[in-house]
*Asks:* 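First, the structure itself, so that you have it in front of you.
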Protein chains: 2
Amino acid sequence: MTQEPLSLNVFRRELGLSMQGLARQMYRDNAARFKVQKEGVAVRNLSNILDATLTLANRKGFSAMSLRDLSEKTGMSLGGLYAYIGSKDDLVELIQGLGIETTERVMQEQTAGIADPVERLRHAIRVHLFLSEILRAWFYFSYMEARHLGAQQKQRAVAAELHTETLYREIIEAGQRAGQYRETDPLMAAAMLKALLQDWYVKRNKFRDRNVDVEQYAESVIELMESYLKDE
Amino acid sequence: MTQEPLSLNVFRRELGLSMQGLARQMYRDNAARFKVQKEGVAVRNLSNILDATLTLANRKGFSAMSLRDLSEKTGMSLGGLYAYIGSKDDLVELIQGLGIETTERVMQEQTAGIADPVERLRHAIRVHLFLSEILRAWFYFSYMEARHLGAQQKQRAVAAELHTETLYREIIEAGQRAGQYRETDPLMAAAMLKALLQDWYVKRNKFRDRNVDVEQYAESVIELMESYLKDE
DNA sequence: GTCTATATAGGGATAGAC
DNA sequence: GTCTATCCCTATATAGAC
């Protein structure tokens, strides 16, 4: 009996992520940072700011996006924005930090319960792609702006990248120990897999133009990786 | 009798690309743009400007790089720079334009002479990776700065991306017609291959830290793609 | 809690001396 | 052909009114 593969909609419903929810978590995680006390007001504005920042920065780059752009897009004044951010660079940190935490948490939760390595790898691929589809703007932002971060934050981004890759490497190694995969360099396999996962959100528009949805893409990546990993 | 696979050093020697050579071609292609008449002087300075721009822009992003940064790095004055560029944005166009042309020309030259699709695909993968290794700074720059371009230039970048992908797709289709590859979606296969090729220059430092060189990477990508494309 | 008005610095670009 | 000096604008950030 083969399990029905995870679908995007099921995953989305289960996960229940929203910009409002992310803004709320961001507010609570960094309460000391914000001048605004009332959570309701703060979350609403923060959500607006996040949304606008991701849109503008993903269009023309974070450093090319001015706070005047952001002020116009959010409908808030320049002064008003500074009740939520200490500086422009704060914004990058906030967005990146929450994105990394959310990704690691979701990937951990989702892959922990599956014993069979082959099934676990399939599931991990689908979950990662679906999550990047739902949080497309966050993933794209983190990918593109990582190199503009300060040394400390950059280190964090590199660590997060490695963390994800390690997750895949360990699943592949488990599959090899179980005799389900042949003996090939698991780190290289994980690196190539990661490249394929990233391409989904980096080239999102290309795939849209071709009517390739994320579920089809997931199956293609799984097929490619399995033909490589399995014995001939 | 199997042919010895192309090595990076052989390719590099054959190709003979240098920053000076690229600067010279850029000068001749855009003679009207430059105020400086003496080719020797112009090429030397242009080469310096290109080198510095790629270094600075790849470190912190083109839009975050100021012309004052560039002036300091090149040792030229602000006014002096303007003998070579009409505006800061000119620089992006120049670099991108020559990069695209060089890539398309080299790929065309190198893949035209090989009749067997399987061998042609292998060769195309190696050539693309080796070229991106040699022109790493150009490839990285084009990849990262493409979205900051004006509409016209952006279109050009997208067209170039498509052009490369089409090259791979056509080789795969030829292999399918010859019965060497199984029937799988050739466009999707080409897209995934392209993602793997791009990852080499985007994550160059990661691979260096792992002592993975471009020749090893090429063989891994070839092995992965062939296990997917060939009959079981 | 949010606004307007403004301080201060740094950006791209140019004029004109040499 | 290259430099110095400077123009003018836009950037981030803050002060203080409401």
Side-chain angles (χ1 to χ4, degrees), chain A residues 23-24 26-27 30-50 52-53 56-57 59-95 145 148-150, chain B residues 23-24 26-27 30-50 52-53 56-57 59-95 145 148-150:
Chain A
R24 173 158 284 112
M26 186 179 283
Y27 179 74
N30 303 275
R33 274 183 127 116
F34 304 112
K35 295 202 179 75
V36 179
Q37 300 296 323
K38 292 161 77 173
E39 181 169 300
V41 176
V43 168
R44 183 164 37 79
N45 281 325
L46 202 48
S47 168
N48 186 11
I49 292 172
L50 290 176
T53 302
L56 292 171
R59 190 181 303 153
K60 55 164 147 173
F62 181 76
S63 109
M65 175 198 80
S66 73
L67 292 181
R68 280 181 175 78
D69 293 338
L70 192 58
S71 162
E72 192 181 2
K73 182 98 179 168
T74 55
M76 297 172 70
S77 68
L78 268 176
L81 289 175
Y82 278 91
Y84 295 89
I85 57 171
S87 75
K88 194 187 171 191
D89 288 338
D90 266 17
L91 257 174
V92 193
E93 279 188 40
L94 283 171
I95 292 174
E145 307 299 344
H148 307 322
L149 299 168
Chain B
R24 173 158 283 113
M26 185 177 285
Y27 180 73
N30 302 276
R33 272 183 127 115
F34 303 112
K35 294 204 181 74
V36 179
Q37 300 295 323
K38 292 160 78 173
E39 182 169 300
V41 176
V43 167
R44 183 164 38 79
N45 281 326
L46 202 48
S47 167
N48 186 11
I49 292 171
L50 290 176
T53 303
L56 292 171
R59 190 180 304 154
K60 54 163 147 176
F62 181 76
S63 112
M65 175 198 80
S66 73
L67 291 180
R68 284 174 175 80
D69 293 338
L70 192 59
S71 162
E72 192 182 1
K73 182 98 176 168
T74 55
M76 297 170 72
S77 68
L78 266 177
L81 289 175
Y82 277 91
Y84 296 89
I85 58 171
S87 75
K88 193 187 170 191
D89 288 338
D90 268 16
L91 258 174
V92 193
E93 279 188 39
L94 284 170
I95 292 174
E145 306 298 344
H148 308 323
L149 299 169

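Treat the numbers as computed from the prediction; the structure is a model and nothing was measured. Order of the sequence lines sets the chain letters (A, B, ...), proteins ahead of strands, with each chain counted from 1.
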*Asks:* Is there a side chain to side chain contact (heavy atoms under 4.5 Å, CB included) between Met65(A) and Lys73(A)? Walk through the geometry before answering.
*Replies:* CA-CA 11 Å; Met65(A) 175 198 80; Lys73(A) 182 98 179 168; over 6 Å; no

*Asks:* Side chain of Val41(B): nearest nucleotide among dG1(C), dT4(C), dG1(D)?
*Replies:*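 Of the candidates, dG1(D) comes closest.
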
*Asks:* Go through it in stages, so that I can follow the logic: the residues are Leu70(B) and Lys88(B), the test is side chain to side chain contact (heavy atoms under 4.5 Å, CB included), and I'd like the CA-CA distance, side-chain angles, deciding distance and then a yes or no.
*Replies:* CA-CA 10 Å; Leu70(B) 192 59; Lys88(B) 193 187 170 191; over 6 Å; no

*Asks:* In sequence, state the C-alpha distance, the side-chain angles, and the governing distance for Asp90(A) and Tyr82(A), and then conclude on side chain to side chain contact (heavy atoms under 4.5 Å, CB included).
*Replies:* CA-CA 10 Å; Asp90(A) 266 17; Tyr82(A) 278 91; over 6 Å; no

*Asks:* Could you check which of dT2(D), dT2(C), dG1(C) has an atom nearest any side-chain atom of Ser77(A)?
*Replies:*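 So the nucleotide nearest the side chain must be dT2(C).
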
*Asks:* Do the side-chain N or O atoms of Tyr82(A) get closer than 4.0 angstrom to the phosphate oxygens (OP1, OP2) of dT14(D)?
*Replies:*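 So the side-chain polar atoms of Tyr82(A) never come under 4.0 Å of the phosphate oxygens OP1 or OP2 of dT14(D).
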
*Asks:* Could you go over nucleotides 15-18 of chain D and give all protein N or O partners under 3.5 Å, atom names and distances?
*Replies:*
none

*Asks:* Counting only side-chain N and O atoms of Tyr84(B), is one of them less than 4.0 Å from OP1 or OP2 of dT2(D)?
*Replies:*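 So the side chain of Tyr84(B) is within the cut-off, an N or O lying under 4.0 Å from OP1 or OP2 of dT2(D).
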
*Asks:* Within this structure, what is the CG-to-P distance between Leu81(B) and dA13(C), rounded to whole angstrom?
*Replies:*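 Value for this atom pair: 11 Å.
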
*Asks:* Rounded off to whole Å, could you give me the CG-to-P distance for the Asp90(A) and dT14(D) pair?
*Replies:*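 Rounded to the whole Å, the gap is 11 Å.
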
*Asks:* What's the shortest heavy-atom distance between Ser63(B) and Ala64(A), and which atoms?
*Replies:*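 Looking at all heavy atoms of both residues, the shortest contact is OG-N, 3.6 Å.
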
*Asks:* Please evaluate residues Lys60(A) and Asp69(A) with respect to the criterion side chain to side chain contact (heavy atoms under 4.5 Å, CB included), reporting the C-alpha separation (whole Å), side-chain torsions for both, the decisive distance (0.1 Å), and the verdict.
*Replies:* CA-CA 11 Å; Lys60(A) 55 164 147 173; Asp69(A) 293 338; 2.8 Å; yes

*Asks:* Atom CG of Leu78(A) and atom C1' of dT2(C): how far apart are they, to the nearest Å?
*Replies:*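 Going from Leu78(A) (CG) to dT2(C) (C1'), I get 12 Å.
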
*Asks:* Heavy-atom distance under 4.5 Å between the side chains of Leu94(B) and Arg33(B), does that happen here?
*Replies:*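 Counting from C-beta outward, Leu94(B) and Arg33(B) do come under 4.5 Å.
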
*Asks:* Round to the nearest Å and state the distance from Lys88(B) atom NZ to dG11(C) atom P.
*Replies:*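 In whole Å, dG11(C) P lies 9 Å from Lys88(B) NZ.
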
*Asks:* Starting at atom CG of Leu91(B), determine the distance to atom P of dA13(C), rounded to an integer number of angstrom.
*Replies:*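 About 10 Å, once rounded to whole Å.
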
*Asks:* Kindly indicate whether the side chain of Glu39(B), heavy atoms from C-beta on, has any atom under 4.5 Å from the side chain of Arg24(B).
*Replies:*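 Sidechains of Arg24(B) and Glu39(B): in contact.
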
*Asks:* Take atom NZ of Lys60(A) and atom P of dT10(D), then tell me their distance rounded to the nearest Å.
*Replies:*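 It is 12 Å, rounded to the nearest whole Å.
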
*Asks:* Any idea which heavy atoms bring Asn45(A) and Tyr84(A) closest together, and the distance?
*Replies:*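 Asn45(A) and Tyr84(A) have their closest heavy atoms at ND2-OH, 2.8 Å.
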
*Asks:* Can you tell me which nucleotide in dT2(C), dA13(C), dG1(C) comes closest to the side chain of Ser87(B)?
*Replies:*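 For the Ser87(B) side chain, the nearest candidate turns out to be dA13(C).
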
*Asks:* Output the residues of residues 63-71 of chain A in contact with DNA chain D, where contact means a heavy atom of the residue under 4.0 Å from an atom of the strand; sort by number or write none.
*Replies:*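 Output list: Met65(A), Ser66(A), Leu67(A), Arg68(A).
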
